[in-house]
Every structure is written in structure tokens, then in C-alpha cells.
Novice: 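Handing you this structure, nothing more for now.
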Amino acid sequence: MKSSSVFLRPPLLQSLLLLLLLPPPRLRPICAQVSTGAATRWTPGAPDCPEACACAPGGQANCSALALVAVPPGLSRRVRTLLLDHNRVRALPPGAFAGAGALLRLDLRENGLRSVHARAFWGLTVLQRLDLSDNQLEALAPGTFASLRALRSLSLADNRLARLEPAALGALPLLRALSLQDNALSALSPDLLTGLPALDALRLRGNPWACGCALRSLCAWLRQHPRPASEAETLLCVSPGRQTLSPLTAFPDAAFRHCAQPLAARDLAVVYALGPVSFLASLATCLALGSVLTACRARRRRCRASAHRPPRRPPDPDPDGPASPENPVSPTAASAQA
């Protein structure tokens, strides 16, 4: 019996060790998923991962702080988030992100970016977040963001923008957040906010606002979208002199009564439609009147010329000519009879 107990102990110890090493049945599927995910991790150098970038599951390509001077090649539709911040990308050429049609987020902060081609973002039809802050942009070409119809957040903060034309933004029906703080903007075009119907977060502090008629639409928008007191107090006028340090939210619509009302879109359409028609009508009228005056002057000259011309003398009768009906005998015959 003693010997049999000795032979039974090793299998017993082995079974206990196996039970300790094996996970419980509930944890086995989780362990299998973890091992599968580790095996299919999207590693740098993979065909769908941009060169020199670190890629992770979920479509994130991290290319931050790599001293890149251009957008890395090899972008694919598998990339959903592209982090290009803290690099040296000074310009974006046409089709800079070709192949990344499924991109949802693009971060281009702190690149010293100076120029963006009007077709740089073409093809990014589902892009939702774009960060261009902390760069050196002074102007944006018309149509720069026109193709980003799904854009929801746009940051242009900490640049050198002195003007922002409505044509640069275009119509962005889903844009909810726009950051323009810390630029050189003194006014916003009245049509800029018209093309952003879903906008509810607009950051404007740190700009030298000139409180004149050009800010009428912006002040109206600020009244319709109240800001926190701490933020409203930072939106101050720097000119003209009597309005210096006045908050933008302090101007009611009555303060702009002296400003000329801009023409509505319908009025502009009527003006543009009637302008060429009225020009052609006036030109035709001038030509017709000129023709009538020319004809009248020519007729008057003819009348004057005929009035000053001497009357025509009747021709002398021919002695040998035929007799007239009143005198059937010719002069020669009359002399012969005598």
C-alpha cells in the first residue's frame, strides 16, 4: 500500500499543476481573442501603413514628430486617423492625401504650414475633424474646404489669417465647431456664417476686431448663440477709437441702423439678370434714335438744296419740229402760205 501511494502522487501533482496553469472556461475565449489580436496587429512597414509611421488597430497612423517635410506616401483607405503634427510640412500640393478616402481625422498642427493648394484635400469626402492650428497660414485659396462636406470640426487657430473669405470655406452643412482664435482677423464677411447652418461653437478671441458695419452679421450670430461670460469678455474691439475695448456682444442690432443693408440673394439675381437686358435695350434704342436723326438730317439737306436751285427754263420751240396740237401748222408752212 505504501508503494502504491508513492506511485500515485506524481500524477496527482501534475493534474493540480495543470489546473492552476489553465485559465477558467470563461476566460478562455478572451485569451483566444487577445492572442488573435496580437497576431493580426497592424505593424509599421505593413503594405497599408505609411512609411516611417507607427500604425495601430483601428486605422490610426501615428506620424507625429518625425521631421517629415511632406505627407508620407502609401496612404490607403485603411487609414482612419492620420497624425502629422509637429513635423516640417510647409506646403500641401494638390491631392496630398490621395488614396486615403476613408480618413476621418487629420491632425496637421505645428508644421510651419504656409500654403495649402485649393485641391489639397480633394477626395477626403468623409473627413470629420481637421486641425490646422499653430501654423503660418496667411490666406486660404477659394474652394480649399469645399470638398469636405462631412466636416464637423475645423481649427485654424494660431495662424496669421487677416481675411477669411466665404469661398475658402464653401458650404459646410455639418460643421459644428470652428476655431479662429489668435489670428489677425478684423472682420468676417456677412456670407461666411450663412454657409454654416449647423455651427454652434465659434472661437474668436485674440483677434483685432474692428467694430464697424462689417461685424453686423457676426454680432447678430453672437446674440443668437450666447457665450459664457468669461469667453464673451475676451471678444473686444480694438477700433475705432470710441469703441475700443467694447465687447462684441454689447452691440444690439440698433447700433447698425446707419449701415447700408446688403442686397439679398434674390435682389442680386434680379440685378444680374436685368443688367445685361437693360444694357442691350438701351443700346438698341440709341441705335434706332441715331438712325432716325440721320435720316431726318439727310432729308432736310435735300430740301434745302432743292429750294436754292434756280427754276428750270423751258426749251425753245424747234422751227422745223413737229407742230403742236394747238397749232397744227408748222411755222415754215405758215410763211409759205403767206
Side-chain angles (χ1 to χ4, degrees), residues 84-92 106-118 120-121 129-146 148 151 153-172 175-196 199-223 225 227-228 230-251 255-256 259 262:
L84 278 171
D85 54 292
H86 298 85
N87 281 292
R88 300 174 185 174
V89 182
R90 302 292 189 259
L92 293 178
L106 177 58
D107 190 348
L108 287 163
R109 291 174 296 145
E110 296 192 37
N111 272 276
L113 194 61
R114 296 176 181 175
S115 66
V116 177
H117 195 275
F121 300 115
R129 297 177 59 188
L130 176 59
D131 194 341
L132 293 169
S133 61
D134 295 293
N135 283 294
Q136 301 176 20
L137 296 173
E138 297 182 359
L140 292 169
T144 301
F145 307 112
L148 307 180
L151 198 63
S153 175
L154 173 62
S155 179
L156 295 169
D158 295 288
N159 277 281
R160 301 175 181 177
L161 296 172
R163 293 177 60 87
L164 185 60
E165 298 296 335
L169 290 181
L172 301 175
L175 189 69
R176 300 183 61 86
L178 175 61
S179 181
L180 299 174
Q181 63 193 34
D182 298 319
N183 277 282
L185 298 170
S186 59
L188 287 182
S189 173
D191 298 330
L192 182 69
L193 299 174
T194 304
L196 310 174
L199 189 66
D200 58 8
L202 180 60
R203 287 165 177 70
L204 301 168
R205 65 173 177 80
N207 286 284
W209 299 110
C211 292
C213 295
L215 283 186
R216 182 173 191 168
S217 60
L218 176 58
C219 292
W221 190 92
L222 291 173
R223 288 195 302 270
H225 301 79
R227 325 294 295 172
S230 58
E231 184 178 350
E233 292 174 356
T234 62
L235 303 179
L236 303 176
C237 304
V238 299
S239 63
R242 61 180 181 178
Q243 305 294 350
T244 303
L245 300 182
S246 299
L248 269 63
T249 55
F251 294 96
F256 299 96
C259 301

Novice: Quick one: side chain to side chain donor-acceptor pair (under 3.5 Å) partners of R129, sequence neighbours excluded?
Specialist: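 Partners of R129 under the side chain to side chain donor-acceptor pair (under 3.5 Å) test: none.
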Novice: Taking all heavy atoms of F121 and all of T144, pick out the closest pair and write down the distance.
Specialist: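 Here F121 and T144 meet closest at CD1-O, 3.7 Å.
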Novice: Would you mind listing every salt bridge (charged side-chain N to carboxylate O under 4.0 Å, His left out) that reaches into residues 178-190, with sequence neighbours excluded?
Specialist: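 Residue pairs with at least one partner in residues 178-190: D182-R205.
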Novice: I'd like to check L218 versus L192 (side-chain heavy atoms, cut-off strictly below 4.5 Å). Are they in contact?
Specialist: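 The answer is no, as the side chains (C-beta and beyond) never meet within the 4.5 Å cut-off.
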Novice: Does L185 offer a backbone N or O that forms a donor-acceptor pair with the side chain of N207 under 3.5 Å?
Specialist: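 Judged by distance alone, yes, a pair lies under 3.5 Å.
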Novice: List in chain and number order the residues that pass side-chain contact (heavy atoms from CB on, under 4.5 Å) with R114, two or more places apart in sequence or in another chain; answer none if no residue qualifies.
Specialist: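 In terms of side-chain contact (heavy atoms from CB on, under 4.5 Å), with neighbours along the sequence ignored, R114 is linked to Q136.
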Novice: Going by the rule salt bridge (Lys or Arg N to Asp or Glu O under 4.0 Å), which residues pair with R90 if we only count those two or more places apart in sequence or in a different chain?
Specialist: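 Per chain and number, R90 pairs via salt bridge (Lys or Arg N to Asp or Glu O under 4.0 Å) with no residue.
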Novice: Could you list the residues that satisfy side-chain contact (heavy atoms from CB on, under 4.5 Å) with A184, not counting sequence neighbours?
Specialist: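 side-chain contact (heavy atoms from CB on, under 4.5 Å) check on A184 returns A162.
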Novice: State the CG-CG distance between L108 and L92, to the nearest 0.5 angstrom.
Specialist: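 If I round to the nearest 0.5 Å, the distance is 6.0 Å.
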Novice: Please check this pair: side chain of D158 against backbone of Q181, looking for a donor-acceptor N/O pair closer than 3.5 Å.
Specialist: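 Between the backbone of Q181 and the side chain of D158 there is no qualifying donor-acceptor contact (under 3.5 Å).
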Novice: Restricting to non-hydrogen atoms, name the atom on D85 and the atom on N111 that form the minimum distance, rounded to 0.1 Å.
Specialist: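 Closest approach of D85 to N111: CA-ND2, 4.0 Å.
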Novice: Once side chain to side chain donor-acceptor pair (under 3.5 Å) is applied, do any residues pair with D107, and if so which ones, sequence neighbours excluded?
Specialist: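 Checked D107 against side chain to side chain donor-acceptor pair (under 3.5 Å); matches are R109.
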Novice: Does a side-chain heavy-atom distance below 4.5 Å link L172 with L178?
Specialist: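 Contact flag for L172/L178 side chains = no.
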Novice: So how far is it from S155 OG to L130 CG, rounded to the nearest 0.5 Å?
Specialist: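 CG of L130 is found 8.5 Å from OG of S155.
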Novice: Can you list the residues that meet the side-chain contact (heavy atoms from CB on, under 4.5 Å) rule with H117, with sequence neighbours excluded?
Specialist: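 Checked H117 against side-chain contact (heavy atoms from CB on, under 4.5 Å); matches are P94, R119, A120.
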Novice: Holding to side-chain contact (heavy atoms from CB on, under 4.5 Å), I want the full list of residues that pass it with A139, two or more places apart in sequence or in another chain.
Specialist: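 By the side-chain contact (heavy atoms from CB on, under 4.5 Å) rule, A139 matches no residue at all.
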Novice: Report the residues that fulfil side chain to side chain donor-acceptor pair (under 3.5 Å) with D200, sequence neighbours left out, ordered by chain and then residue number.
Specialist: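 For D200 the side chain to side chain donor-acceptor pair (under 3.5 Å) partners, ignoring immediate neighbours, are R176.
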Novice: List the residues meeting side chain to side chain donor-acceptor pair (under 3.5 Å) with S133, not counting sequence neighbours, and say none if there are none.
Specialist: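 S133 satisfies side chain to side chain donor-acceptor pair (under 3.5 Å) with D131 once adjacent residues are dropped.
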Novice: Kindly compute the distance separating CG (L202) from OG (S179), expressed to the nearest 0.5 Å.
Specialist: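 The distance works out to 8.5 Å.
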Novice: Take a 6.0 Å sphere around CZ of R223 and say whether it holds more than 12 heavy atoms from other residues, nucleotides or ligands.
Specialist: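 Count over threshold, so yes.
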Novice: If every non-hydrogen atom of W221 is compared with every non-hydrogen atom of L199, which pair is closest and at what distance?
Specialist: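 In terms of heavy atoms, the two residues are closest at CZ2-O, 3.6 Å.
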Novice: Using every non-hydrogen atom in the two residues, find where L204 and L188 come nearest and quote the distance to one decimal.
Specialist: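 So the two residues come closest at CD2-CD1, 4.4 Å.
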Novice: Has the side chain of N183 got a donor or acceptor atom that lies under 3.5 Å from a matching backbone atom of N159?
Specialist: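 Checked: pair present.
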Novice: For the residue pair F145 and L154, establish whether any side-chain heavy-atom pair is separated by less than 4.5 Å.
Specialist: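 Touching, per the 4.5 Å side-chain cut-off.
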Novice: Would you give the length of the straight line joining atom CG of D134 to atom CG of L113, rounded to the nearest 0.5 angstrom?
Specialist: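 Answer rounded to 0.5 Å: 11.5 Å.
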